[in-house]
There are 2 protein chains.
Amino acid sequence: MWMRIFWPIGWPNYANLLFLFPAFVSIHRASISDLAAQLNLSVSTVSRALSDHSRISDATKKRVWELARHLNYQPNQLAAALRKGRSNTLGVVVPHIDGQFFALVVKGIETIANQAGFNVMICQSNEDAAQEQKNIETLLNAQVDGILLSLSLSTHDFRHLEEVRRREIPLVLFDRVVENTDVSAVVLNDYQGGYEAVSHLIAEGCRRIAHLGGPQHLNICKNRYQGYADALQRHDLPLDPLLLHFSDLSIQDGRQGMELLFDQTPHLDAVFSCNDLALVGAMQVVKRRGLRIPQDVALAGFSNELFDSLTEPMLTSVDQRCEEMGRTAVQMLLEMIQEGPTKVAPRQVVLQPKLLIRESSQRSMLQ
Amino acid sequence: MWMRIFWPIGWPNYANLLFLFPAFVSIHRASISDLAAQLNLSVSTVSRALSDHSRISDATKKRVWELARHLNYQPNQLAAALRKGRSNTLGVVVPHIDGQFFALVVKGIETIANQAGFNVMICQSNEDAAQEQKNIETLLNAQVDGILLSLSLSTHDFRHLEEVRRREIPLVLFDRVVENTDVSAVVLNDYQGGYEAVSHLIAEGCRRIAHLGGPQHLNICKNRYQGYADALQRHDLPLDPLLLHFSDLSIQDGRQGMELLFDQTPHLDAVFSCNDLALVGAMQVVKRRGLRIPQDVALAGFSNELFDSLTEPMLTSVDQRCEEMGRTAVQMLLEMIQEGPTKVAPRQVVLQPKLLIRESSQRSMLQ
DNA sequence: GACAATTGCGCAAACGTTTGCACAATTGTT
DNA sequence: AACAATTGTGCAAACGTTTGCGCAATTGTC
């Protein structure tokens with residue numbers, strides 16, 4: 001047995017006492033028709049008054065707003081969404097949120113989205129293509145107004161993206177993207193990052209620089225590798241296959257890779273890793289072999305993870321402008337949502353990386 | 001100008017080609033009434049068939065399912081939510097998601113929630129009470145079916161929780177909770193964790209054990225401190241105020257705290273920190289002073305952060321059963337949602353911590 | 001063969017908004 | 001004074017489901 005109680009304006013507001021009787025009284029959330037009934041207005045007028053429509057008199061608006069405040073009226077977003085065909089919700093798919101990078105990107109996304117009055121639904125693909133596809137479906141079913149996506153390691157085909165396009169849901173990729181496509185995206189200049197990091201190692205006197213690379217179908221890994229290769233070439237150093245090792249870049253992968261590289265090329269004098277996790281693995285191996293960092297082997301990585309300043313020595317790394325990436329990605333998405341899906345020409349924003357030089361690569365200062 | 005095109009069963013399915021003409025054709029998502037029209041059934045019958053209602057004949061069900069598959073019918077969750085008064089969405093509020101702990105809890109939550117067919121909306125309070133309140137409002141407005149909450153550092157009053165109760169939205173707190181209340185919660189036995197860590201330090205021969213503590217209005221910090229204090233007492237060691245330092249436990253706080261403690265009590269021989277971030281700060285100061293870890297000063301912390309195994313020495317820490325916490329919290333919430341908000345008696349689940357002993361505290365092996 | 005129970009389906013209302021259209025009252029224009 | 005434009009409001013349909021109730025046809029029971 002439920003009671004719905006009208007609470008005329010002017011009566012004292014006991015609402016905050018009602019939690020004392022949770023078992024007896026259920027507060028029915030005031031709806032527009034409640035307001036309308038109490039004010040002797042029609043639902044449509046109230047609705048328009050609430051949205052500050054120009055054809056409603058100031059007097060009426062005032063009455064409506066007052067009662068709305070008094071009854072603590074909160075619009076039913078679901079109803080509005082159903083009617084308008086827009087849910088005011090954005091969907092985000094990231095490979096994972098442990099680890100500094102995506103956590104910060106998500107923070108940037110949330111900040112801006114909330115400011116713009118949007119809710120955010122976050123999904124993790126756990127680096128799994130199938131899960132990523134499921135995530136996308138979930139978001140589409142939840143009727144999100146737009147989707148932000150960073151691809152999982154194992155994503156090779158992009159049919160789920162076609163589905164998004166078919167439904168005309170705005171989509172912005174970030175960081176790990178599909179290249180050469182007309183989907184909007186915001187990425188880091190990974191090539192530049194790799195190039196700068198390796199040039200720095202060369203400037204510090206390194207000549208045999210190994211590379212721990214990631215899956216080459218991922219734009220970020222490919223471009224970082226390309227930056228590595230070009231930096232070598234630019235400084236007339238050979239690109240030696242024996243100095244290369246590709247993996248999924250876990251810490252364990254880093255350890256294994258480093259062992260292998262040492263076996264192949266005992267006299268290497270630096271490592272540039274595609275991420276910091278693998279770099280830490282490599283660091284452990286270097287230490288275990290009794291070599292000094294950076295004197296014998298200099299190290300540089302990518303991502304500027306939190307732990308980079310906590311290891312010994314502290315690790316040189318390329319910063320990825322995480323929050324900025326999140327913010328610009330969501331801004332692009334909001335623009336697409338407002339302008340209509342087909343109005344905005346797809347564009348790619350490229351952010352500039354920033355090399356953070358720390359102990360693990362600063363040889364020159366020691367000699 | 002929109003076209004809605006019926007696509008009779010049996011016709012070839014060109015849907016995946018349509019993305020070629022995004023400008024001309026907009027695929028109207030098939031709705032129940034589309035199915036009904038094509039099958040010469042009523043909407044209600046189709047609806048019931050889709051949900052496998054017992055009063056619908058198998059033959060009809062089969063026809064419906066087939067066409068649904070063929071048209072790639074996806075139910076409109078918003079409409080269903082509106083009608084049923086349930087959105088199939090859960091809300092989560094965490095202080096932040098950078099850092100291992102909450103990221104893993106969230107992962108646990110997502111896994112279970114998705115399995116149960118629920119969407120998840122994640123909000124960050126950024127350790128700010130006002131933001132936390134806003135988050136709760138946002139979630140309530142989005143009509144979530146239940147809320148999972150871990151309090152921010154600066155949350156002192158709990159009126160926003162009363163609002164949740166008033167609306168009869170199931171609520172489960174986790175980790176950082178309001179104690180002595182009838183709200184369901186799942187927490188770690190922080191007391192036990194503190195007690196074990198400090199007992200371990202004592203067993204390793206430490207006698208003047210300092211404590212880096214957090215805000216004492218937070219249950220977790222208070223209990224960890226209590227565990228520390230009781231372990232000392234149990235082993236007949238004095239509780240010396242000069243060995244205590246309380247802060248917000250940032251890495252910077254850890255550094256400052258450690259400096260202060262050293263100034264007050266130069267001959268301390270161990271530190272138990274309420275979290276690992278502050279412990280790392282402390283570690284840096286210990287090293288800077290030229291003292292050996294663990295021989296001169298042993299270290300133990302709380303949270304088992306990723307970087308604990310990457311520092312040198314590796315840090316002893318109490319593991320918090322992150323994913324398990326997320327999973328049980330969301331399970332409790334789902335139960336409350338299914339059974340009805342007032343049916344389930346509030347209960348508190350306490351998880352047992354696990355002390356992970358690493359180099360930073362293993363004195364006995366060295367001597 | 002009369003009646004009850006079961007099976008299979010449709011009607012229509014409801015959830016809480018938004019919005020095109022209509023209409024009356026007021027104001028402005030000549 | 002006649003007409004147009006503007007202002008303020010209401011009616012009703014629509015968004016896509018779910019669900020209580022009703023009704024006919026079928027099946028089962030004695």
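Owing to the predicted nature of the structure, the values given are computational and were not obtained by experimental measurement. Chain letters run A, B, ... following the sequence lines, proteins first, then strands; residues in each count from 1.
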Item to check | Integer-rounded Å distance: dG10(D) C1' and Leu35(A) CG | outcome: 16 Å
Checklist entry - So what does Leu78(B) hit on the nucleic acid, given a heavy-atom distance under 4.0 Å: a base, only sugar-phosphate, or nothing? => result nothing
Checklist entry - How many Å lie between CD on Gln143(B) and C1' on dT17(C), as a whole number? => result 11 Å
Checklist entry - Are any of Thr60(A)'s side-chain N or O atoms less than 4.0 Å away from OP1 or OP2 of dT9(D)? => result yes
Checklist entry - Does the Ser152(B) side chain pair with the main chain of Pro95(B), one donor and one acceptor, at a distance under 3.5 Å? => result no
Next on the checklist: Measuring to OP1 and OP2 of dG10(C), would you say a side-chain N or O of Thr45(B) lies under 4.0 angstrom away?
Outcome noted: yes
Item to check | Side-chain donor or acceptor of Trp65(B) paired with backbone N/O of Ala49(B) under 3.5 Å | outcome: yes
Checklist entry - Hey, is NZ on Lys61(B) packed in by over 12 heavy atoms from elsewhere, all under 6.0 Å? => result yes
Checklist entry - Between the side chain of Asp145(B) and the main-chain N/O of Ser87(B), is any donor-acceptor distance below 3.5 Å? => result yes
Checklist entry - For Ser47(B) and dT18(D), is the shortest distance between a side-chain N/O and OP1 or OP2 below 4.0 Å? => result yes
Item to check | Close side-chain approach of Asn76(B) and Leu82(A), heavy atoms under 4.5 Å | outcome: yes
Checklist outcome for this item: Atom NZ of Lys61(B) and atom P of dC9(C) are separated, to the nearest Å, by 10 Å
Item to check | Under 4.0 angstrom between Ser44(A) side-chain N/O and dA12(D) OP1 or OP2 | outcome: no
Item to check | Atom-pair distance (CD on Gln77(B); C1' on dT18(D)), nearest Å | outcome: 15 Å
Checklist entry - When we call it a touch if two heavy atoms are under 4.0 Å apart, what does Leu82(A) touch: a base, just sugar-phosphate, or nothing? => result base
Next on the checklist: Quick one, Arg165(A) with Asp182(A), criterion salt bridge (charged side-chain N to carboxylate O under 4.0 Å, His left out). Give me CA distance, side-chain angles, the key distance, then yes/no.
Outcome noted: CA-CA 11 Å; Arg165(A) 157 177 299 180; Asp182(A) 58 345; 2.7 Å; yes
Checklist outcome for this item: Side-chain contact check for Asn76(A): nearest option of dA22(C), dT17(C), dG16(D) is dT17(C)
Item to check | Any donor-acceptor N/O pair under 3.5 Å between dT17(D) base and Arg83(B) side chain | outcome: no
Checklist entry - OP1 or OP2 of dG16(D) sitting under 4.0 Å from any side-chain N/O of Tyr73(B)? => result no
Checklist entry - For the pair made of CG in Leu41(B) and P in dT7(C), what is the distance, rounded to whole Å? => result 19 Å
Checklist outcome for this item: Arg55(B) atom CZ is separated from dT7(C) atom P, nearest whole Å, by 8 Å
Checklist entry - Atom CG of Asn88(A) and atom P of dT18(C): how far apart are they, to the nearest Å? => result 11 Å
Checklist entry - Counting side-chain heavy atoms from C-beta on, which of dT17(D), dG10(D), dT17(C) comes nearest to Ser31(A)? => result dT17(C)
Checklist entry - Which nucleotide in the set dA22(C), dG16(C), dC9(C) lies at the smallest distance from any side-chain heavy atom of Ile56(B)? => result dC9(C)
Next on the checklist: Taking any heavy-atom pair under 4.0 Å as a contact, classify Asp58(A): base, sugar-phosphate, or nothing.
Outcome noted: nothing
Checklist entry - If you pin Val43(B) and Val46(A) to their nearest nucleotides in DNA chain D, which one's is more 5'? => result Val46(A)
Checklist entry - Is there a donor on the side chain of Arg48(A) or the base of dG10(D) sitting less than 3.5 Å from an acceptor on the other? => result yes
Checklist entry - Any side-chain N or O of Ser57(A) under 4.0 Å from OP1/OP2 of dT9(D)? => result yes
Checklist entry - What's the CG-P distance between Asp52(A) and dG8(D), to the nearest Å? => result 12 Å
